Amino acid sequence: FDTSIKKPTVEDEAFGYKLTELNHKIQLHRGVQVLHLAQYHLDMLILRKFRMSFNQVKSFLRGVKPPVKSNDGVNKTHHSKDTLGAVLFSPLVPLSWLISWAFGLLALLVYTALNARFWGYLSREEPPVFAFEMFFLTVADHLSIFSGLAFGAVDFLLGRKV
């Protein structure tokens with residue numbers, strides 16, 4: 001593991017990237033289940049997502065790139081374009097309401113469209129009230145990720161590379 005990463009966040013990802021860069025294969029077995037003993041409260045989860053994003057962007061800017069490829073050999077990220085779009089768009093959701101209700105509604109519709117597949121999946125798999133609650137958790141999650149990415153990039157540009 002990269003011991004220069006101060007708090008445990010992305011060192012396992014960087015290790016996996018290094019393994020695949022050296023042509024090692026990482027095999028996933030869906031039958032293996034892991035129980036994480038950590039118990040998160042909402043504030044702890046949001047802080048963890050912020051720290052992970054903060055360190056991921058710095059790791060990326062240092063040159064640690066995810067070598068994820070699809071079966072057709074085309075480079076792809078392990079995040080969907082919709083999720084990345086929703087994360088980047090998330091600050092506009094609350095801010096747009098300060099401009100006007102119409103702009104706020106438009107931003108909310110775009111954000112909903114970006115998350116439609118995820119929330120659709122939840123509404124099929126979970127009770128409707130859970131899917132509704134997940135809206136607020138998703139917004140908080142995306143805002144914390146966006147903030148981590150932004151602050152991490154600024155920190156890196158200010159010379160704090162690790």
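The structure displayed is predicted, hence computed values, not measured ones.
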Mind listing the closest non-hydrogen atom pair of S96 and A107 along with its distance?
OG-CB, 3.3 Å
Would you name the heavy atoms of S53 and L149 that are closest together and state the gap between them?
O-CD2, 3.6 Å
Any side-chain heavy atom of T138 within less than 4.5 Å of one from N115?
yes
After noting the C-alpha distance and the side-chain angles of V93 and V110, does the key distance pass the side chain to side chain contact (heavy atoms under 4.5 Å, CB included) rule?
CA-CA 9 Å; V93 175; V110 170; over 6 Å; no
Short side-chain to backbone donor-acceptor contact, S90 and V87, under 3.5 Å
yes
With side chain to side chain contact (heavy atoms under 4.5 Å, CB included) as the criterion, how do L42 and L137 come out once you've worked through the C-alpha distance, each side chain's angles and the decisive distance to 0.1 Å?
CA-CA 9 Å; L42 182 59; L137 187 57; 3.3 Å; yes
Can you hop from L98 to L105 via hydrophobic side chains spaced under 4.5 Å?
no
If you define the side chain from C-beta out and look only at heavy atoms, does anything of D155 sit under 4.5 Å from F54?
yes
Any chance you could measure L157, atom CG, to K58, atom NZ, to the nearest 0.5 Å?
10.5 Å
Suppose we call two aromatic rings close when their centres sit under 6.0 Å apart. Are F89 and H142 close by that rule?
no
Decide whether F156 and F151 are clustered together by the hydrophobic rule: side chain heavy atoms of Ile, Leu, Val, Met, Phe, Trp, Tyr closer than 4.5 Å, transitively.
no
Between N55 and F60, is any pair of side-chain heavy atoms under 4.5 Å apart?
no
One should read off an interatomic distance between L84 CG and F146 CZ, to the nearest 0.5 angstrom, of 12.5 Å
May I ask you to test the W97-F103 pair for a side-chain heavy-atom distance under 4.5 Å?
no
Cluster question for you: counting only ILVMFWY and a side-chain heavy-atom cut-off of under 4.5 Å, with indirect links fine, are L61 and I145 together?
yes
Can you name the nearest heavy-atom pair linking V57 to G148, along with the distance?
CG1-O, 4.2 Å
Count I, L, V, M, F, W, Y as connected when their side-chain heavy atoms are under 4.5 Å apart, and connections chain through other members. Are L114 and F135 then in the same cluster?
yes
Please lay out, stage by stage, how L106 and Y111 fare under the test side chain to side chain contact (heavy atoms under 4.5 Å, CB included).
CA-CA 9 Å; L106 177 63; Y111 185 74; over 6 Å; no
For T112 and W119, test the side chains for any donor-to-acceptor distance below 3.5 angstrom and give the result as yes or no.
no
So, taking the atom named CZ in F50 and the one named OG in S144, what distance separates them when rounded to the nearest 0.5 Å?
9.0 Å
Quick one: do Y121 and M134 end up in the same hydrophobic cluster if we chain Ile, Leu, Val, Met, Phe, Trp and Tyr together by side-chain heavy atoms under 4.5 Å apart?
yes
Under 3.5 Å, side chain of H29 to main-chain N/O of G31, donor-acceptor pair present?
yes
